[in-house]
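A quick write-up on the structure given underneath.
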2 protein chains.
Amino acid sequence: MLSKKTKYALHALTYLGKHKDEKTVLIHDIAEEHGISHKFLENILLELKKAGMLGSKKGKGGGYYLIKEPKDIPLSKVIRLLDGPIALLPCVSLNYYEPCAECKSEALCGINKVMVQVRDETLKILENKTLEDILKTG
Amino acid sequence: MLSKKTKYALHALTYLGKHKDEKTVLIHDIAEEHGISHKFLENILLELKKAGMLGSKKGKGGGYYLIKEPKDIPLSKVIRLLDGPIALLPCVSLNYYEPCAECKSEALCGINKVMVQVRDETLKILENKTLEDILKTG
DNA sequence: ATAAACCCTATTTAATTTATAGGGTTTATG
DNA sequence: CATAAACCCTATAAATTAAATAGGGTTTAT
């Protein structure tokens, strides 16, 4: 399951996407809209900013704004940033690989094989669906 | 990511599948083979038993054994039993549905839409792949 | 009778997630 | 230039969940 952090991030990005005609958007407004703690959301927006997904303006009248086109923000990127691996097993993760302690041989592990398939199908969706797709409906 | 419980369960089932010519298999042997705590594994095997996935024999010379053909144990069932939902969001789970607190309208939520897709593709694999498939390789 | 092995429930520990706290820095504005 | 608005940063606490342990109970082959 996705963490709240990731869900909040997706909602925040969606909010920013919907308001991209405005110059900046306040943390406060996003937090209120989705009933998220202001401070918790602040941390998330900072992470998104450091990851180059959005920009901000300090001082009075400041706020956050998208610095990329929604179509250039794949969901996989957001999930990986906030949640870490998308794969169901560490031994199958492309970005956060680790061997499984209880597994003798990865090459001979049937569980591994299935989870590679799941990962690939999942990524096929999450790497191609972007913020733009979410904006269409939401 | 799958919990250790689920991973241990899958390994235990695999072990039982490999030794199904033997009448029973000891917790001890499975635990040792995969470096799992005996007692922790015991709890897991009990859950699998209660769920009707395996049988046991008490007393000296007892142990656990599969009561189903490996091909009749889909991975989705094991994962759901030990880990709960397979879906990435509660609002998209078939077996553990719950609305998302931060979401205003499920019907209008673009995140929801994408996660339905991910769920469906994942289930397409996990409901059709069974213990038998894992045994082939592992 | 005894030892081996599963059965059951409760508790503890550890890890992770979620949230809060508190001050620092920048900047528009009057 | 004073002020208030707003983001910036790091640390800590609280809550939840996952993982492991504990300890005795019951069954059964020998």
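Lettering follows sequence order; numbering is per chain, from 1. Note: hydrogens, waters and symmetry copies are ignored here, and every other heavy atom, side chains too, is used.
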Protein-proximity profile, nucleotides 19-30 of chain D, B/S/- by nucleotide at the 4.0 Å heavy-atom cutoff, equals SBB-BB--BBS-
To the nearest 0.5 angstrom, please state how far the CE atom of M53(B) sits from the CG atom of L48(B).
5.5 Å
Just how far is it from atom CD1 of I125(A) to atom CZ of R119(B), taken to the nearest 0.5 Å?
11.0 Å
E98(A), CD: over 12 other non-hydrogen atoms inside 6.0 angstrom
no
Measuring from K7(A):NZ to I36(A):CD1, what's the distance to the nearest 0.5 Å?
10.0 Å
Rounding to an integer number of Å, can you tell me how far H28(A) NE2 sits from dA4(D) P?
19 Å
Would you say the side-chain atoms of D83(B) pair up with the backbone N or O of T6(B), donor to acceptor, closer than 3.5 Å?
no
Counting only Watson-Crick pairs (N1-N3 plus N6-O4 or O6-N4) and G-U wobbles (N1-O2, O6-N3), all under 3.5 Å, who is the partner of dA3(C)?
dT28(D)
Return the orientation label for the H28(A) and H38(A) ring planes: parallel under 30°, perpendicular over 60°, tilted otherwise.
tilted
Reckon K49(A) has a side-chain N or O less than 4.0 Å from the OP1 or OP2 of dC8(D)?
yes
Under 4.0 Å, counting only non-hydrogen atoms across every strand here, what does L45(A) touch: a base, just sugar-phosphate, or nothing?
nothing
Distance, rounded to the nearest Å, where I44(B) contributes CD1 and dA18(D) contributes P:
13 Å
Under 3.5 Å for both donor-acceptor distances, Watson-Crick or wobble: does dT16(D) have a partner, and if so which one?
dA15(C)
Would you kindly give the NE2-to-P distance between H11(A) and dT18(C), to the nearest whole Å?
13 Å
Would one find a side-chain N or O of Y64(B) under 4.0 angstrom from OP1 or OP2 of dC7(C)?
yes
I need the CG-P distance between L82(B) and dT17(D), as an integer number of Å.
17 Å
How would you label the contact of L26(A) with the nucleic acid (heavy atoms, under 4.0 Å): base, sugar-phosphate, or nothing?
sugar-phosphate
Assign the ring pair H34(A) / H11(A) to parallel, tilted or perpendicular, where the plane angle (0 to 90°) is split at 30° and 60°.
tilted
Tell me the interatomic distance from L48(B), atom CG, to dC6(C), atom P, rounded to whole angstroms.
14 Å
Expressed in angstrom and rounded to an integer, what is the separation of L54(A) atom CG from dC8(D) atom C1'?
14 Å
